[in-house]
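In each ligand, atom 1 is the first atom listed, and ligand 1 is the first ligand listed. Here the structure is a predicted model, which is why all the values come from computation and not from measurement.
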Amino acid sequence: MPIALITGVAGQDGSYLAQLLLSKGYEVHGIVRRSSMLSRGRLEQMHDGTHEGTLQLHYGDLDDPIGLVRLMQTIAPDEVYHLAAQSHVQVSFDMPDYTGSVTGLGTMRLLEAIRVSGVPARFYQASSSEMFGASPPPQNEDTKFHPRSPYGVAKVYAYWATVNYRESYGMFASNGILFNHESPRRGENFVTRKITKGVAAILAGQQEKLHLGNLDAKRDWGFAGDYVEGMWRMLQHHQPDDFVVATGEAHSVREFCELAFGRAGLDYEQYVVVDERYFRPAEVDYLLGDPSKATRELGWTPATTFADLVSMMVDADRAVLGA
Ligand code: NAP
Ligand code: G4F
């Protein structure tokens, strides 16, 4: 039975990836923080006895390098999926130093823990389309990085740390450059979930308006459940490499609002209020990924359409509130 270690297992992607690996019969280990209590709800459905593999949680933190070495020695994983990060772009403007430490240096600490422990693990780095920032679309593996936030800057550092450990030590280390991906498990302060939760709260009579920032930004939004399959395929590939994972289709925040409110029979223009508080010091205007390398070399394609994703998220939030 292969052994996998997932950092950030309690996050959106971590929960979908753990589910995928368990269904493949993996022994799955996940790192959680003591403060991960709230997000652990995402993992509950994995203890229902229907999965083949096993899931074990360990306390750890990317700010604790010795602890990472100890975990690596104890678990001796075949595959490490590094998903943990301070992953919110706007928060990174408020906490640039912290974001650099966790999201940037944290990746270096984990790579170093693998190297010094001597475990021959394959390594996946959760790189981001946010690294492309101001580079015009469409973006692919050859597009120049031009990050527009402390988060993007930290992810560029982590991307190059991964390439560097591959080149310096012959480590099987790959970057998945994933464009935005969403789901009903998405954190509530990312724009898609904020909108779908807002629609449900308005229907339930708990909220009258939804305050948002820039409605004109465009994103290439896919479904997280499809994207974790791409991560797994990268570590089964015959060689380490870097891959863009995206749908190849972009939509504005405004279009997301139109569809989400429309799904509930509402007109977004009557509820959405543009609020300066949610504008960023520098914006990423237009992300549109070209996933042709992942399709060609990994056989990966997205299965969920944009409209289905929006409906899935609105319906899930309505079900929670009974609205
Ligand atoms: P997420 O829901 O925010 O999950 C991130 C996880 O990292 C959380 O479980 C969090 O733990 C953990 N974490 C944060 N700081 C940590 C620390 N110091 N030590 C240990 N764990 C820590 O993010 P996601 O959407 O699943 O994304 C997964 C990864 O992909 C992230 O690295 C993100 O930057 C990257 N990414 C995401 C997207 C996207 O659209 N979702 C696109 C490209 C790249 P707690 O539960 O304790 O807070
Ligand atoms: O949902 P967002 O916060 O996601 P963003 O900034 O694109 O970052 C996400 O995707 C990255 C991949 O490109 C990941 F690496 C990262 O970890 C994260 O998962 O914002 C999307 C867009 C932005 O242009 C933002 O300005 O929506 C705009 N927006 C408008 N109103 C808002 C809001 N964003 C948030 N979070 N909240 C608003 O009220």
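Dense packing is recorded around NZ of Lys194, with more than 12 heavy atoms of other residues, nucleotides or ligands lying under 6.0 Å away. Within 6.0 Å of the CG atom in Asp94, the count of heavy atoms belonging to other residues, nucleotides or ligands exceeds 12.
Here the closest heavy-atom approach between residue Ser117 and residue Met72 is recorded as OG-CG, 3.4 Å. Looking at every heavy atom in both residues, Glu141 comes nearest to Val244 through OE2-N, 2.8 Å. For the pair Glu283 and Ala217, the tightest heavy-atom approach, listed with the atom from each and the gap, is OE2-CB, 3.9 Å. Heavy-atom minimum distance, Gln125 versus Ala158: NE2-CB, 3.4 Å.
Residue Asp61 has at least one N or O atom closer than 3.5 Å to an N or O atom of ligand 1. The N/O atoms of Ser128, backbone and side chain alike, include none that comes under 3.5 Å of an N/O atom in ligand 1. Considering both main-chain and side-chain atoms, His181 comes within under 3.5 Å of ligand 1 through a nitrogen or oxygen pair. For Asp63, no nitrogen or oxygen atom sits less than 3.5 Å from a nitrogen or oxygen atom of ligand 1, counting backbone and side chain alike. The shortest N or O to N or O distance between Ser87 and ligand 1 is below 3.5 Å. In terms of N/O distances under 3.5 Å, ligand 1 is not approached by Ile31. No N or O atom of Tyr98 sits closer than 3.5 Å to an N or O atom of ligand 1. At least one N or O atom of Gln12 sits closer than 3.5 Å to an N or O atom of ligand 1. Polar contact check, Gly60 against ligand 1: no nitrogen or oxygen pair lies under 3.5 Å apart.
With Tyr16 as the aromatic partner, Arg185 meets the cation-pi criteria of under 6.0 angstrom to the ring centre and within 45 degrees of the ring axis.
In this structure, Val102 has a heavy atom closer than 4.0 Å to ligand 1. Judged by the shortest distance from any of its heavy atoms, His88 lies outside the 4.0 Å radius around the atoms of ligand 1. The closest approach between any non-hydrogen atom of Gly187 and ligand 1 is not below 4.0 Å. At least one heavy atom of Arg186 sits less than 4.0 Å from an atom of ligand 1. Residue contacts with ligand 1 do not include Thr7, since none of its heavy atoms lies under 4.0 Å from the ligand. Ligand 1 lies within reach of Ser127, whose nearest heavy atom is under 4.0 Å from it.
Between Lys293 and Asp242 no salt bridge is recorded (no basic side-chain N to carboxylate O distance below 4.0 Å). The existence of a salt bridge linking Arg186 and Glu182 is confirmed by a sub-4.0 Å separation between a basic side-chain nitrogen and an acidic carboxylate oxygen. Between Lys209 and Asp275 there is no salt bridge, since none of the side-chain N atoms of the basic residue sits less than 4.0 Å from a carboxylate O of the acidic one.
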Test side-chain contact (heavy atoms from CB on, under 4.5 Å) applied to Ile114 and Phe123, step by step
CA-CA 9 Å; Ile114 297 172; Phe123 178 83; 3.5 Å; yes
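Annotation: side-chain hydrogen bond (donor to acceptor under 3.5 Å, both in side chains) contacts involving residues 61-73, sequence neighbours excluded, comprise Asp63-Ser101, Asp63-Arg109.
Protein residues are said to neighbour a ligand when one of their heavy atoms lies under 4.0 Å from it; for ligand 2 these are Ser87, His88, Val89, Ser128, Ser129, Glu130, Tyr151, Asn180, Arg186, Asn189, Phe190, Val191, Lys194, Leu212, Gly213, Asn214, Ala217, Arg219, Val253, Tyr278, Arg280, Glu283, Leu287.
Residue Phe190 does not touch ligand 1, judged by heavy-atom distances below 4.0 Å.
Here the straight-line distance linking atom OH of Tyr81 with atom CG of Leu21 works out to 5.0 Å at 0.5 Å rounding.
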